[in-house]
Amino acid sequence: MVQFSDIPVVRHVGYIEVNTAFQNDVSPLKVDLIYGTFKSEDGSNYILPVVKRAENMVVNDTLSHDYLSPAGIESFSKLACRLLLGDIENLWNDGKVFGIQSIGGTGALKIGAEFLAQHMNCTTVYYPDPSWEMHGSIFSFSGFQKKIQYRYMNRETIEIDFEGFCEDISNASVDSVVILHACGHNPSGLDLSKEQWRTVAEIMKERKLIPFFDIAYQGIASGDIEEDTWAVRHFHSEGIEFLCAQSFSKMFTIYNERVGNLMIVQKSGHNIESLKIHFERIIRSIYSSPPNHGARTILQILSNPKLYDEWSSSFKAIAARIIELRKALRKALEEEVAFKKWNHITDQKGMFIFLNLTDSQVEYLRNFHHIYMINCGRVNVSGLNFTNISYVAKAINDTLRKNI
């Protein structure tokens, strides 16, 4: 089995090599003629501003030097990883846990897929059926030759097909990558129990598979930030090496800022600097460096206890509202469509309700009732409210009674 410690050791070259040396130089006399930064009165580094309104007064003070690093803002990544694993101070210092700032969760998946293909010679990826539609595409474009969907949901009962899931990954070849939704499974809304996660972890250890967690809804699934990371923390406690793609689009409602993080957990941190260089080279070849402002906003919240408490407490309100919307939709559908069972709506959790409609039914809802959802019948709960639920239920009833 390939491990992170087996990756060939490399060193910085070119711009990154020189810039790293500059950053590590503690001399007060150092001069940056690479990117042209200067130090302001508050000690911050800036790119040379275009406009000055007065002597020593920087107008465009948002051009922080931090964004020049392909790996992004290290302090942001550290706090992002802490959200997943709790106290990581020693793990971070030992190089057993580190993070790479990315352009959203999609960017984290792409960086991880490229790394696994290029440096760990991985060619096969397993992902759930159903799953987020981009999982297969991202790994395919990164050179994975085999994309296999493992059974996750029984479409007849709309329940987790755990037996099928375990059978499929038990037959996976060594070094296959397995994508796991840590919480708030997209699109089914069905999450594994803790006991089921324990079983999955044992199978993956025995089969020497590479877990790649995708977590985009931390805090939203259960209303508890730590509870939603239970699977990630369990795999770590079992001594399993893995990757985890974090998206902050939903957690902080900043879709357009594209803030994400890729966490890497390894058994030994002796080669961490070399691993970081491998990731930085991948990033440089795709988009050079991640954006600055969204990550800095999140950094402020995560590093300020008062802001953090205010932010984390909001998830309880979000989860409570989602639960009430689920109950209301289930009640409305049971009244309108009595010939079907709708218990799965309240059994599921997180942002999505899986209605298991056909493509034709989804198209009919769109064309005749002006209700829009993706083809599998996944409903984003945030699109519902207590005013439109009755209309949606009646439209679904009309659709299901049509022979389409």
Side-chain angles (χ1 to χ4, degrees), residues 1-10 16 69-72 77 80-81 98-150 152 168-169 172-182 185-187 204 207-216 232 235 240-249 258-266 271-272 274-291:
M1 177 184 181
V2 178
Q3 295 182 322
F4 291 121
S5 59
D6 298 327
I7 307 301
V9 175
V10 295
I16 298 177
S69 168
S77 285
C81 293
F98 67 97
I100 303 292
Q101 183 189 335
S102 62
I103 299 181
T106 306
L109 286 164
K110 176 63 174 176
I111 295 166
E114 290 285 338
F115 175 82
L116 291 166
Q118 293 180 26
H119 302 297
M120 299 183 74
N121 300 317
C122 298
T123 59
T124 303
V125 61
Y126 282 77
Y127 58 102
D129 179 17
S131 190
W132 180 50
E133 61 184 13
M134 288 304 297
H135 277 147
S137 297
I138 290 170
F139 281 78
S140 179
F141 279 107
S142 295
F144 278 69
Q145 298 166 11
K146 293 182 180 179
K147 302 181 300 177
I148 303 172
Q149 288 194 270
Y150 59 80
Y152 188 81
D168 287 346
I169 63 172
S173 58
V174 173
D175 291 335
S176 292
V177 178
V178 181
I179 298 176
L180 303 165
H181 295 235
H185 183 274
N186 178 9
M204 296 195 72
R207 295 297 304 160
K208 298 180 180 178
L209 307 176
I210 301 173
F212 197 149
F213 284 100
D214 186 359
I215 183 166
V232 177
F235 272 61
I240 302 174
E241 293 188 327
F242 61 88
L243 300 90
C244 182
Q246 291 174 273
S247 168
F248 295 97
S249 296
R258 307 310 301 143
V259 185
N261 184 63
L262 176 65
M263 182 178 73
I264 297 90
V265 176
Q266 57 176 343
N271 64 334
I272 180 174
S274 179
L275 282 178
K276 286 182 178 179
I277 292 171
H278 282 300
F279 281 107
E280 288 174 357
R281 287 179 176 177
I282 291 169
I283 293 166
R284 287 279 288 177
S285 70
I286 303 175
Y287 54 83
S288 187
S289 60

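All values derive from a computational prediction rather than experimental measurement. Keep in mind that the numbers below use all heavy atoms, side chains included, and drop hydrogens, waters and symmetry copies.
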Asks: Restricting to side chain to side chain donor-acceptor pair (under 3.5 Å), what partner residues turn up for R258, sequence neighbours left out?
Replies: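 Checked R258 against side chain to side chain donor-acceptor pair (under 3.5 Å); matches are S249.
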Asks: Under 4.5 Å between any side-chain heavy atoms of V265 and E241, yes or no?
Replies: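 With C-beta onward as the side chain, the pair stays apart.
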Asks: So, do H181 and Y152 have ring centers that fall under 6.0 Å from each other?
Replies: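 No, the ring of H181 stays outside the 6.0 Å limit from the ring of Y152, centre to centre.
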Asks: Starting at SG of C81, measure out to CD1 of I264 and round the result to the nearest 0.5 Å.
Replies: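 One gets 7.5 Å once the value is rounded to the nearest 0.5 Å.
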Asks: With sequence neighbours excluded, tell me which residues meet side chain to side chain donor-acceptor pair (under 3.5 Å) with T124.
Replies: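 T124 satisfies side chain to side chain donor-acceptor pair (under 3.5 Å) with no residue once adjacent residues are dropped.
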Asks: Of all heavy-atom pairs between P211 and I240, which one has the smallest distance, and what is that distance?
Replies: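 Looking at all heavy atoms of both residues, the shortest contact is CG-CG2, 3.7 Å.
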Asks: Set out, in order, the CA-CA distance, both residues' side-chain angles and the distance that settles side-chain contact (heavy atoms from CB on, under 4.5 Å) for L243 and L116, then state yes or no.
Replies: CA-CA 10 Å; L243 300 90; L116 291 166; 4.0 Å; yes
Asks: May I ask you to test the I282-F115 pair for a side-chain heavy-atom distance under 4.5 Å?
Replies: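 The answer is yes, as the side chains (C-beta and beyond) meet within the 4.5 Å cut-off.
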Asks: Which distance, rounded to the nearest 0.5 Å, do you find between the CE of M120 and the CD1 of I210?
Replies: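 Between atom CE of M120 and atom CD1 of I210 there are 4.0 Å.
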Asks: For residues F213 and F235, establish whether the separation of their ring centroids is below 6.0 Å.
Replies: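 Yes, close enough.
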Asks: So, taking the atom named CD1 in I215 and the one named CG in L180, what distance separates them when rounded to the nearest 0.5 Å?
Replies: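 Rounded to the nearest 0.5 Å, the CD1-CG separation comes out at 11.5 Å.
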Asks: Excluding sequence neighbours, so at least two apart, what forms side-chain contact (heavy atoms from CB on, under 4.5 Å) with A245?
Replies: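 With neighbours one apart ignored, the set is A108, L109, F212, D214.
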Asks: Do you know the tightest heavy-atom contact between A80 and F248?
Replies: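 Looks like CB-CZ, 3.7 Å.
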Asks: Is the backbone N or O of A71 less than 3.5 Å from a side-chain atom of Q101, with the two atoms forming a donor-acceptor pair by type?
Replies: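 Here the side-chain-to-backbone pair does not exist.
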Asks: Would you say that S173 contacts Y126 through its side chain, given a criterion of any heavy-atom pair below 4.5 Å between the two side chains?
Replies: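 No, every pair of side-chain atoms sits at 4.5 Å or beyond.
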Asks: Check residues 140-147 and write down every donor-acceptor pair under 3.5 Å in which the side-chain atom is one partner and the other belongs to a residue at least two apart or another chain.
Replies:
from: S142; atom 1: OG; to: K110; atom 2: NZ; distance (Å): 3.1
from: S142; atom 1: OG; to: E114; atom 2: OE2; distance (Å): 3.2
from: S142; atom 1: OG; to: I138; atom 2: O; distance (Å): 3.0

Asks: Roughly how far, to the nearest 0.5 Å, is CG of L262 from CD of Q246?
Replies: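 Output value for this atom pair is 9.0 Å.
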Asks: Suppose the criterion is salt bridge (Lys or Arg N to Asp or Glu O under 4.0 Å): which pairs have a residue in residues 115-143, not counting sequence neighbours?
Replies: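 Matches after skipping sequence neighbours: D129-R155.
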Asks: Go through the structure and list residues passing ring pair (Phe, Tyr, Trp, His ring centres under 6.0 Å) with F98, not counting sequence neighbours.
Replies: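 If we apply the ring pair (Phe, Tyr, Trp, His ring centres under 6.0 Å) test to F98, skipping adjacent residues, there are no hits.
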Asks: Would you give the length of the straight line joining atom OG1 of T106 to atom CE of M134, rounded to the nearest 0.5 angstrom?
Replies: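 The distance works out to 7.0 Å.
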Asks: Do you know which two heavy atoms are closest between S131 and Q149, and how far apart they sit?
Replies: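 Looks like N-NE2, 4.4 Å.
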Asks: Would you say that V125 contacts H135 through its side chain, given a criterion of any heavy-atom pair below 4.5 Å between the two side chains?
Replies: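 Contact flag for V125/H135 side chains = no.
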Asks: Taking the side chain as C-beta and beyond, is there a heavy-atom pair between M263 and V232 under 4.5 Å?
Replies: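 Sidechains of V232 and M263: in contact.
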Asks: Taking the side chain as every heavy atom from C-beta outward, state whether L209 and V177 have any atom pair closer than 4.5 Å.
Replies: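 No, their side chains stay 4.5 Å or more apart.
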Asks: Could you tell me which residues satisfy side-chain contact (heavy atoms from CB on, under 4.5 Å) with D168, sequence neighbours excluded, listed by chain and number?
Replies: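 Testing D168 for side-chain contact (heavy atoms from CB on, under 4.5 Å), a comparison that skips the adjacent residues, returns Y150, R151.
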Asks: Nearest 0.5 Å, please: how far is CZ in R207 from OG in S176?
Replies: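 Answer for the OG-CZ pair, S176 versus R207, is 8.5 Å.
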Asks: Could you check if a side-chain atom of S274 sits within less than 4.5 angstrom of a side-chain atom of H278, using non-hydrogen atoms only?
Replies: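 S274 reaches H278 side chain to side chain.
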